[in-house]
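Working notes, beginning with the structure itself.
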Amino acid sequence: MSKKLTVSPSPHVRSKETTTGIMLDVIIALIPALIMSAYYFGLRALLLTAVCVGSAVLSEYVCRRVMKRNNTLGDLSAVVTGLILALNLPSSLPLWMGALGSIIAIVVVKQMFGGIGQNFVNPAMTARIILMVSFPTAMAHWVAPFAGSWSPDAVTAATPMAVLAGVQGGDVSAVADSLPSLTGMLFGVHGGSMGEVCSLALIAGGLYLIIRKVISPIIPLCFIGTVAVFMLIAGGGSLEFTAYQLLGGGLMLGAFFMATDYSTSPLNKKGKIIFGIGCGLITSIIRIFGSLPEGVSFSIILMNILVPHIENLTTPKPFGYVKEKKGGKAE
Amino acid sequence: MSKRLDGVLTAVKRGRGGVAVAHNKNTADMPVERLPIPGKVVISMQQHIGVPCTPVVKVGDEVAVGQVIGDSDKFISAPIHATVSGRVTAVGDIKLANGIITKGITIESDGEMRLYEGIKPPVVTNKKELCEAVRASGVVGLGGAGFPTHVKFNLPDDSKVDTLIINAAECEPYITVDYRECIDNTKYIIKGVELLRDICGFKQIIIAIEDNKPQAFKDLKAFADSDNDADDTIKLMTLKSRYPQGAEKMMVLSATGRKVPPGKLPSDVGCVVINVASLAFIARYVETGKPLVSRSITVDGSAIKEPKNLRVPIGTNIQDIIDYCGGFKSEPRKILSGGPMMGIAICDTNAPICKQNNAILAFADRKDLIKTERECIRCGRCVDVCPMSLMPTLIERYARVKDAEKLNDIGVMVCMECGSCAYACPSGRPLVQYMRLAKQVVREGGKK
């Protein structure tokens, strides 16, 4: 034998799944939402997305270089972060703000905590919140669909969430004039951030990820389910109010794409259930009782922080584990 | 006509996790061929879990097939026999396929395969005699683990063991020798089952087989349905093929719904699990008295010219076996002793076959075998697939910081190194290696 044999620990076969493949699946799943945002908000939406993705990739590259770490662009996670951040922004946002958001997400939230898999909060979500607090006006400048977002004074529209915040006791008929129809909500013909408006595209993307087994359905189901139950109660049983609550705001985007972020959600099933219900509860509480119209971002960030504790509480017992009997030794 | 209906069970309880590994049972239709008598054999004194044997022959001795050449007075050990007839030419250190140096005996074959005169069928009428006979036969778990089989039958009279499980799952990819055993040696499997039933009085005997082995299933079913088993103790059980179905604890769970607690043996929950080839061997031994001197192995993989199932004398050089299979058709980059999930990558083919080797696999392309290692993304796949309900990614973290207490808490010692976690890991992390490190950390008590 001329060449030496490879010696490595078992197993000697590996599944075909790779980190890059998983990230690529997430990108594919987000494409319908991206197309819809381009359809409603024009090319400005695509430009802002390109800026966000570009600056995320660039800052990841530069950051790894400066920190003298290996180049991790190949795993495509920076692309995903940039893309998700962009979909969380209003289409009229100044481009430099988008770029700043990406830099915060990658450099501060992700790389400073050790890079992929190590961040304790969702980078895109955190960047969005920082932008929201820093530039409240620009971050709440919701351009109406088809109004074009190039001009800073394009027609704006209140988001359904802002309208719903004024609703008392689940009676949507009082504000019916300022709300789009439920079909409109499903297709996304209303104001909002670029990627969150079209619930249909998001659900399609989410289903794709579930079918491809990239994400487990537990978190989205528990998240959306909890919001549904809470809103049904808060709306006095009004199905219409509940439907608006589910389709409005960032719930679908958050539940399928951000709450399921691997690094910042629990590893095991029980933990995922607690995490999903927690997200749903906090979202609902903020929406109903808070002064903010929307609570998805905050709920996910808050639950992200709790993940280590949830995991400690839900670590599964190893196979065949027998509980210690009281007053005696373990069997 | 037999009144028992199909007599086919399905798993009482399915284990969690596991992975769907490509079966690649390419050699399933190849009956076991006999390898021509090798010129010499190198027989290791450590071919089982437990205490190594001490050589009882010296250089120059004439030995015959089946003659004891190594033995130990310790219980967890199994005697070693000459596998060819001829002259002992060396007794001393040898290197095994996995790189371990141990004592070994080299026998130059005279090509006659003369049987040792002392060989006679043992008398087996009770459990004690069975246990002694099984020990004398030198048999160890032929499925790959190499645990001395007689230890499993050392049951006290008041033992609560009621179930015998015959493991024919063979969940490792590529390997087909147990499958061939079921088809080619059905007779001895049946004899073995009946022998153990009569001697040990098991209340139920379950032959467990994965559903991707139709012919073996058919042959065994005919037996499970037969009238020889009047009180219906013998049942056939099909399992959905999923790795690591054949692992002992998984088997016990599937067959009886019982869970073997950490650090315990199947007998603690009333079960004995035995590999199907070991069982057939015991039946043959009781009939002929000829100890374990050869075994079946699968030779396969993308670099092997003519994949085969072979019956080889123990101690045969691995290179001789590969040469008999036409040699390499392309440059081998990785050669495995055992299956691809739990087998050992060997560094040299100039090493002998041991009792527990069930396959030699040679692969040409490293691409199939190695994945780029990236950072853990906490996707949780390792947690989902772990049949032992462990969290491999956390174990990796704690192993790196040598936190023995935490590692023990999350149960790393239960890990059987089946490799499901590393198989499923999209980041290509060497998780099994970390599991081994973690166990080492626990054994040593962690940070010093």
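A, B, ... follow the sequence lines: proteins, then strands. Residue 1 opens every chain. Source: prediction; values computed, not measured.
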### Between N357(B) and S337(B), a side-chain donor and acceptor under 3.5 Å
yes

### Task
Measure the shortest side-chain to side-chain distance between S263(A) and K110(A) over non-hydrogen atoms and say whether it is less than 4.5 angstrom.
no

### Query
Hey, which of R258(B), K259(B), R378(B) has the most heavy atom pairs under 4.5 Å with chain A?
R378(B)

## Note on the structure
Honestly, the part of I22(A) sitting under 4.5 Å from a heavy atom of chain B is side chain

### A422(B), part contacting chain A, at a heavy-atom distance under 4.5 Å
both

### Message
Taking every non-hydrogen pair under 4.5 Å, which of K269(A), K16(A), Q118(A) racks up the most with chain B?
### Response
Q118(A)

### Interchain contact, C376(B) with chain A, by part (heavy-atom threshold 4.5 Å)
backbone

### Message
I'd like to verify something: which residue of G411(B), P430(B), G343(B) has the highest number of heavy-atom pairs under 4.5 Å with chain A?
### Response
G343(B)

### Task
Could you verify whether a donor N or O on one side chain and an acceptor N or O on the other, from S297(A) and R128(A), lie under 3.5 Å apart?
yes

### Task
Say whether, by atom type as modelled, one donor and one acceptor occur between the side chain of E172(B) and the main chain of M341(B) under 3.5 angstrom.
yes

### Message
Does any backbone or side-chain atom of S265(A) lie under 4.5 Å from a heavy atom of chain B? Answer side chain, backbone, both or neither.
### Response
backbone

### Query
Can any side-chain N or O of H12(A) pair as donor or acceptor with the backbone N or O of L336(B) at less than 3.5 Å?
no

### Query
Can you say whether L390(B) sits under 4.5 Å from chain A via the side chain, the backbone, both, or neither, judging by heavy atoms?
side chain

### Task
Under 4.5 Å heavy-atom distance to chain A, tell me which part of S420(B) shows up: side chain, backbone, both or neither.
neither

### Query
Would you call C379(B) and E17(A) a side-chain contact if the rule is heavy atoms closer than 4.5 Å?
no

### Message
For the NZ atom on K439(B), are there more than 12 heavy atoms of other groups (residues, nucleotides or ligands in this structure) within a distance under 6.0 Å?
### Response
yes

### Summary
Bottom line for P173(B): the part with an atom under 4.5 Å from chain A's heavy atoms is neither

#### Entry: Interchain contact, L253(B) with chain A, by part (heavy-atom threshold 4.5 Å)
side chain

### Which of P9(A), G320(A), S15(A) touches chain B most, by non-hydrogen pairs under 4.5 Å
S15(A)

### N/O donor-acceptor pair under 3.5 Å between R69(A) side chain and R64(A) backbone
no

#### Entry: Contact winner vs chain A - G419(B), C418(B), S389(B), G380(B), heavy-atom pairs under 4.5 Å
S389(B)

### Check: G74(A) main-chain N/O paired with T20(A) side-chain donor or acceptor under 3.5 Å
yes

### Task
Sort I344(B) into side chain, backbone, both or neither according to what part of it lies under 4.5 angstrom from a heavy atom of chain A.
backbone

### Task
Please determine, among R374(B), R436(B), E375(B), E417(B), the option with the most heavy-atom pairs under 4.5 Å with chain A.
R374(B)

### Summary
If one checks every heavy atom of V21(B) against chain A at 4.5 Å, the contacting part turns out to be side chain

### Message
Looking at R333(B), is its backbone amide N or carbonyl O close enough to the side chain of T6(A) to form a donor-acceptor pair, meaning the two atoms are under 3.5 Å apart?
### Response
yes

### Summary
Pair count under 4.5 Å, heavy atoms only, with chain A: among M413(B), R16(B), M342(B), M391(B), highest is M391(B)

### Query
Does the cation-pi check pass for K25(B) over Y174(B), that is, NZ or CZ under 6.0 Å from the six-membered ring centre and within 45° of its axis?
no

